[in-house]
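Counting convention: from 1, in listed order, for ligands and their atoms alike.
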Amino acid sequence: MNFCTPATKKGSRPSSPEFAELAAKPELTRADLIKLLSAKAEDEIEAVRAEAERVLLAECGNGVYLRGLVEASNACACDCLYCGIRKSNREVNRYTLSLEDILSCARQCAEMGYGSMVIQSGERADKKFIDLIEEAVRRIRIETVSEKQPEGLGITLCIGQQTKETYQRLYAAGAHRYLLRIESTNPKLFAAIHPAEQSFESRVECLKLLREVGYQVGTGVMIGLPGQTLEDLADDILFFSTLDIDMIGMGPFIPHAGTPLGDLPCPDVAERLRLAFLMIAVTRLKLRDVNIAATTALQALDPIGREKGLRFGANVIMPQMSPTEVRADYQLYPGKPCIDENAKDCQSCLNMRVEFAGRKIGLYAWGDSLHARKRQTGGGHG
Ligand code: 5AD
C-alpha cells in the first residue's frame with residue numbers, strides 16, 4: 001500500500017466516500033470508531049487517513065515536535081509478559097547510565113535544537129535510581145538554558161508506576177510531562193498480559209495522580225495483542241478521551257521470543273500495521289488537539305513506519321539519543337531500529353523523513369500539546 005508519499009494533487013488517490021463521510025462526522029460514537037477501525041480496502045484506509053491528516057493540520061498545524069529519547073536504565077522490577085527487558089529475562093545485560101551520560105545526551109539534544117527530551121527506563125522505585133533521575137532532571141533544566149531555550153529543555157518522564165511523592169519530587173525538579181501507557185483498557189486483556197501483582201486499577205490510579213501533581217499526561221496501548229478486538233481498541237480511544245489525556249504513544253505489538261507472549265498467535269505484521277496506523281488516525285479524529293507520537297515500534301515493522309504515522313495524524317517523533325553502546329541492551333521488542341547509529345546519524349535521517357512526509361520540524365520548542373495548553377490557564381510553553 002502506498003499511503004506514504006504526499007499526494008501532489010487533492011484527491012489523487014482513490015478515497016471511499018462512505019468512510020470519508022463517516023470520518024468527517026463531528027461526534028464519533030463507539031460504533032463509528034469501530035467501523036472506522038475496520039477500514040480494510042485501500043480506498044477506505046485512505047479516506048480515514050486523509051481526514052485525520054486534515055484535522056491535524058487544521059487543529060495543530062504542520063509542525064512535528066521532537067523528543068530526544070534517552071534510555072536511562074534497562075533494569076526493571078516488573079515482569080510484563082510481553083516485554084524484552086522484563087525482570088526474569090536473564091539474557092539481558094543490565095545497565096544504568098551515569099548522571100554524566102544522561103547530561104551529555106541532554107546537551108546534545110539542546111545543541112541539535114530538539115526542544116524536549118524523554119527519559120525512559122525500566123520500572124524502578126529504588127532510592128538510588130529516583131535520586132539519579134531527580135538530579136538529572138534538575139541539572140538538565142539548568143544546563144540546557146540558552147538564548148533560544150530560556151527555560152531549558154522540556155522533560156518528559158517515562159519510568160513507570162511510582163508513588164505520588166516520587167511524582168511530586170520529579171515534578172518539582174522540573175519534569176512537566178509523564179508517559180505511562182495503560183497497554184490495554186480491557187481489564188481482562190490487561191490481566192492476561194501482566195503478572196497478578198500488576199493491577200489495571202493501580203495503573204489508572206497513577207494516571208490520575210500524575211494529573212493531580214500537575215503533569216501533562218500521556219498514555220497509550222499496544223495494538224494487535226493476542227485476543228484484542230476492534231471493540232477493545234475503540235474503548236482505548238474512549239478511555240483517552242474520558243481521562244482527558246494530553247499525549248498518546250502507541251504502536252504495534254511485536255512478539256519477543258524471550259517472553260511468555262513470544263509465541264502466542266497474534267495478527268500478522270501487515271494486519272498489526274494496518275491497525276496501528278488506523279488507531280493513530282481514529283484517535284486524531286476523536287481527540288483532535290492532542291499530541292500523538294509516531295513510535296519506533298512502527299519503524300521496527302516497516303522501514304517507513306514513522307513517516308506513515310505522521311501522515312495518519314501523528315505530530316511527535318522521538319529520535320534515539322541513547323549512547324550507541326547501550327542501544328542494543330534496551331530491546332523491549334526485536335527489530336528495534338537505529339541500534340548501530342549515533343545521535344547525529346539519527347538527526348539527519350529524521351530531517352529527511354519528516355520532510356518526506358510533507359511536514360516541518362519544530363525546533364527549540366517544548367511542543368506541548370494544544371490540548372494541554374488549552375486546559376492550563378495562562379497558556380503553555382513555546
Ligand atoms: N511490543 C510492542 N511494544 C512493547 N512495549 C513493551 N514491549 C513491547 C512489545 N513486545 C511497549 C509498551 C511499553 C513501552 C515502553 O514499550 O507499551 O509501555
Check your understanding: Can we say D368 and R373 salt-bridge, meaning some charged N sits less than 4.0 Å from an Asp/Glu carboxylate O?
Key -> no
Check your understanding: So, T166 versus Q168: side-chain donor-acceptor pair below 3.5 Å or not?
Key -> no
Review point. Relative to each other, are the rings of F200 and F239 parallel, tilted or perpendicular (30° and 60° limits)?
Key: tilted
Practice item. Inspect the contact between R274 and D268 and indicate whether a charged nitrogen and a carboxylate oxygen are less than 4.0 angstrom apart. Key: no
Check your understanding: For S15, what residues pass the side-chain contact (heavy atoms from CB on, under 4.5 Å) criterion, not counting sequence neighbours?
Key -> A20, E46, A47
Exercise for review: Tell me yes or no: between the side chains of R124 and S73, is some donor less than 3.5 Å from an acceptor?
Suggested key: yes
Filter the ligand 1-protein atom pairs down to N or O on both sides and distance under 3.5 Å, then list them.
residue: ligand 1; atom: 1 (N); partner: I254; partner atom: N; Å: 2.9
residue: ligand 1; atom: 1 (N); partner: I254; partner atom: O; Å: 3.4
residue: ligand 1; atom: 10 (N); partner: Y82; partner atom: O; Å: 3.0
residue: ligand 1; atom: 10 (N); partner: I254; partner atom: O; Å: 2.8
residue: ligand 1; atom: 17 (O); partner: R181; partner atom: NH1; Å: 2.8
residue: ligand 1; atom: 17 (O); partner: E183; partner atom: OE1; Å: 2.6
residue: ligand 1; atom: 17 (O); partner: E183; partner atom: OE2; Å: 3.4
residue: ligand 1; atom: 18 (O); partner: E183; partner atom: OE2; Å: 2.6

